[in-house]
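Structure first, commentary second.
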2 protein chains.
Amino acid sequence: MMKETDICPRFEKAISILSQRWTALLIHQLLTGQKRFGSIKTSVGISGKVLSERLKEMEKQGIIKRKVIPETPVIIEYSLTEKGISLEPVLREVEKWSQEWISADET
Amino acid sequence: MMKETDICPRFEKAISILSQRWTALLIHQLLTGQKRFGSIKTSVGISGKVLSERLKEMEKQGIIKRKVIPETPVIIEYSLTEKGISLEPVLREVEKWSQEWISADET
DNA sequence: TCAATAAGTTACTTTATGTAACCAAGTATA
DNA sequence: TATACTTGGTTACATAAAGTAACTTATTGA
């Protein structure tokens, strides 16, 4: 049988990035400014292991950048790249949708 | 330590729905009209097992509806509810972003 | 010397997803 | 009459992803 609707590969890739667990939430946090590992971990509630994995993936995808500050102990600042910042409209639409369609008792 | 940015529970719930694997792609498919189980399965490339799980979850979340047509063999039509349709702007933004930021060689 | 800190990593457990075979009911085919 | 085909699933089993908690490295202050 043939596929009746061919999905655009760019769109499919975008969805695969954004529907990776935690990724959208991490971008959302970084939209408020650069953040450190421990701060992200605490505010998002993700495990160190998966956070570390995600940050590496997102860096490879060009969505975030990692800045090492050689203090003691070392400080690492994570921030969005231009590509990452450009996801803001997507998250804004999710936010709008959630305000309109998610009721208090289903949170 | 305190959370420095509290995440809105509605937004968090919306993200948890949309970042569930396959869900966004299923909504995208259904935005082109009602579809049957087998047709979704083929066009999206999802396993029958997980498709069945997702459709049940999405029905419970009020995003899709299920219509039984007692022909032989039985036909089941899946379509978006108003709540589901209202996710179109979200997916449109993802589509726009993907056109601008996903290069051909990373697909 | 001991404790503390930041950013991870490691070993191990639990959960989610993929695969392929199977099922029921009805119908057309041989 | 028996067999095969169809749809929309389900089941058992295998693999991949995520969660948990303890541990690591380097440095500094008590």
Side-chain angles (χ1 to χ4, degrees), chain A residues 1-4 7 12-13 15-30 33-61 63-80, chain B residues 1-5 7 12-13 15-27 29-30 33-61 63-80:
Chain A
M1 197 200 236
M2 267 232 117
K3 286 196 183 190
E4 32 244 72
I7 302 165
E12 209 166 358
K13 176 71 183 175
I15 290 290
S16 91
I17 291 172
L18 293 171
S19 74
Q20 179 83 295
R21 196 166 195 180
W22 298 112
T23 299
L25 235 38
L26 296 178
I27 295 166
H28 182 249
Q29 283 300 299
L30 290 175
Q34 60 173 24
K35 294 230 155 19
R36 296 163 60 177
F37 191 91
S39 146
I40 298 172
K41 188 166 177 288
T42 310
S43 65
V44 173
I46 186 178
S47 73
K49 180 201 167 197
V50 178
L51 177 55
S52 167
E53 286 173 12
R54 280 302 168 282
L55 291 171
K56 281 179 192 158
E57 291 164 8
M58 291 166 76
E59 199 187 354
K60 206 168 288 177
Q61 289 158 344
I63 289 171
I64 62 168
K65 47 180 182 287
R66 182 177 187 273
K67 190 169 95 194
V68 180
I69 301 166
E71 309 236 333
T72 291
V74 69
I75 288 178
I76 316 283
E77 294 279 12
Y78 289 98
S79 57
L80 293 174
Chain B
M1 200 200 234
M2 266 233 120
K3 287 196 182 188
E4 32 245 73
T5 315
I7 301 163
E12 208 165 359
K13 175 72 183 176
I15 290 290
S16 91
I17 291 172
L18 293 171
S19 73
Q20 178 83 294
R21 194 166 197 181
W22 299 113
T23 300
L25 236 38
L26 296 178
I27 295 166
Q29 284 299 298
L30 290 174
Q34 57 173 26
K35 296 233 155 12
R36 295 165 60 177
F37 190 92
S39 148
I40 298 171
K41 188 167 177 289
T42 309
S43 64
V44 173
I46 185 177
S47 72
K49 181 200 165 196
V50 178
L51 176 55
S52 168
E53 285 174 11
R54 279 301 168 283
L55 291 172
K56 280 178 194 161
E57 289 163 8
M58 293 166 77
E59 200 188 352
K60 207 167 287 179
Q61 290 159 344
I63 288 171
I64 61 168
K65 45 181 185 283
R66 184 177 185 271
K67 189 167 94 192
V68 180
I69 299 166
E71 307 236 333
T72 290
V74 69
I75 289 177
I76 315 282
E77 295 280 16
Y78 289 98
S79 57
L80 293 175

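Letters A, B, ... are given to chains in the order of the sequence lines, protein chains preceding strands, and every chain is numbered from 1. Hydrogens, waters and symmetry mates are skipped; everything else that's a heavy atom, side chains included, is used. What you see is a predicted model, and the numbers here were worked out from it, not measured in a lab.
- Here D:dT11 presents its P atom at 11 Å from CD of B:E53, a figure rounded to the nearest Å.
- Taking atom CD1 on B:I75 and atom C1' on D:dG8, their separation rounds to 11 Å, with Å as the unit.
- Within the 4.0 angstrom heavy-atom criterion, no nucleotide atom of any strand lies near A:E77.
- Going from atom CD1 of B:I76 over to atom P of C:dA25 covers 15 Å, rounded to whole Å.
- An OP1 or OP2 oxygen of C:dT17 is reached within less than 4.0 angstrom by a side-chain nitrogen or oxygen of B:R54.
- Taking CD1 of B:I76 as the start and CG of B:L55 as the end, the distance is 10.5 Å to the nearest 0.5 Å.
- Between A:K60 and A:E57 no salt bridge is recorded (no basic side-chain N to carboxylate O distance below 4.0 Å).
- Checking C:dG18, C:dA7, D:dA18 against every side-chain atom of B:S47, the shortest atom distance belongs to C:dG18.
- To the nearest angstrom, P of C:dA28 lies 12 Å from CD of B:E71.
- Here A:I46 lies out of heavy-atom contact (under 4.0 Å) with every strand.
- Rounded to whole angstrom, the span from the NZ atom of B:K56 across to the C1' atom of D:dG9 amounts to 8 Å.
- With rounding to the nearest 0.5 Å, the separation of CZ in B:R54 from CD1 in B:I27 is 11.5 Å.
- Taking side-chain N and O atoms only, A:R21 has no distance below 4.0 Å to OP1 or OP2 of D:dA17.
- Of the side-chain N and O atoms in A:Q20, one or more sit less than 4.0 angstrom from OP1 or OP2 of D:dA18.
- A close approach under 4.0 Å does not occur between any side-chain nitrogen or oxygen of A:R36 and OP1 or OP2 of C:dT5.
- Nearest-nucleotide assignment on DNA chain C puts the 5′-proximal partner with A:T72, out of A:S52 and A:T72.
- Taking atom CG of A:L51 as the reference point, atom P of D:dA17 lies 18 Å away to the nearest angstrom.
- Donor-acceptor pairing under 3.5 Å, judged by distance alone, is present between the side chain of A:K49 and the base of D:dA18.
- Here the C1' atom of nucleotide C:dG8 and the CD atom of A:E59 are 14 Å apart, to the nearest Å.
- Atom NZ in B:K67 sits 5.0 Å away from atom CD in B:Q34 (nearest 0.5 Å).
- Annotation: side chain of A:W22 is not in contact with side chain of B:S19 (no heavy-atom distance under 4.5 Å).
- Between the OH atom of B:Y78 and the C1' atom of D:dT7 there is a distance of 11 Å, given to the nearest Å.
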